[in-house]
Amino acid sequence: MKNLVISTGAGISAESGISTFRDAGGLWENYDVMEVASHEGFLRNPDLIHRFYNQRRIELTKAKPNAAHLGLVELEKYFNVNVITQNVDNLHERAGSSNVLHLHGELMKVRSLRHEERVYELPCNLLSDKGLETSTHTVDAYGDGVRPHIVFFGEDVPNFEPACRLAAQAHVFVVIGTTLSVYPAAALLRYAPASAQVYYIDPNPASVPSHVHVIAKKATEGVKELIQMLTK
Ligand code: APR
């Protein structure tokens, strides 16, 4: 089977009711990025950051994978599919995708402040707080505080290197629902081999090199069209 690598951004979850970041009414219109998504912000006001991610976790439990997420699972019948996502939601996993690599972390996980390899999936009974919400009073079984398992702005993106290796093996590379404005994720497209077919699905696409086949549609529509093109 040929390798299909799919790089997704917030746009693929928009039709599940999850806010994107930079569209009108997006998350960054209501919050100061450097307050709620940076390491300095966490050091300055950890309670605000815990509350911000608690709210997003609760919203996520009310959201469901949409036809675009499910369409990527359908493509596993025809390709060896790897999904590389900038999203911190778990909608690809809940749709049934077999291989999902998160570049910017995972909303449903927190990790120890003292040992970052200790990662906990919420709701987790290891933590003194119950349910999906954490605070500065939440401690793990070792008595250590926790933080969201999210890559804050300015922090390293440890999964970028394995993502580049996947992109470099792509026969088909697809970008869905991203402004391609945040690095290093936005650079992934360049790691696809020159021989790869490249598609970009976005209703308001950023400018991309001429070899990229742009499908200027919403993800649910665009993925349906992509499946027809790739499986005919
Ligand atoms: N279907 C497909 N794409 C859509 C849809 C939809 N229904 N609705 C909006 N979009 C597109 C927009 O046109 C835009 O290109 O989704 C993209 C959303 O862009 P951003 O909000 O910038 O999201 P993203 O590109 O994923 O942001 C990258 O920035 O804030 C950080 O870490 C955060 O992972 C995020 C990163």
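For this chain, numbers begin at 1 and follow the sequence in order. Just follow the structure's listing: the first ligand is 1, and inside any ligand the first atom is 1. Atom set for the values below is all heavy atoms of this structure, side chains included, hydrogens, waters and symmetry mates excluded.
- When the side chain to side chain donor-acceptor pair (under 3.5 Å) test is applied to E116, no partner is found at least two apart in sequence or on another chain.
- Using bins of under 30°, 30° to 60° and over 60° for the plane-to-plane angle, the ring pair H69/H92 lands in the perpendicular bin.
- Ring planes of F52 and Y31: perpendicular class, angle over 60° (limits at 30 and 60°).
- Every side chain to side chain donor-acceptor pair (under 3.5 Å) that N90 has, sequence neighbours left out, goes to R94.
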* Does the side chain to side chain donor-acceptor pair (under 3.5 Å) test come out yes or no for H50 and S135, once each step is laid out? -> CA-CA 5 Å; H50 278 288; S135 72; over 6 Å; no
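- Hydrophobic clustering, defined by side-chain heavy atoms of Ile, Leu, Val, Met, Phe, Trp and Tyr closer than 4.5 Å, groups V198 together with V5, I84, L101, L103, V151, V157, F160, L166, F173, V175, L180, L188, L189, Y191, Y200, V208, V212, V214.
- A heavy-atom cutoff of 4.0 Å around ligand 1 is satisfied by the protein residues G9, A10, G11, A14, E15, T20, F21, R22, D23, W28, Q86, H104, F153, G177, T178, T179, V182, D202, P203, N204, K218, A219.
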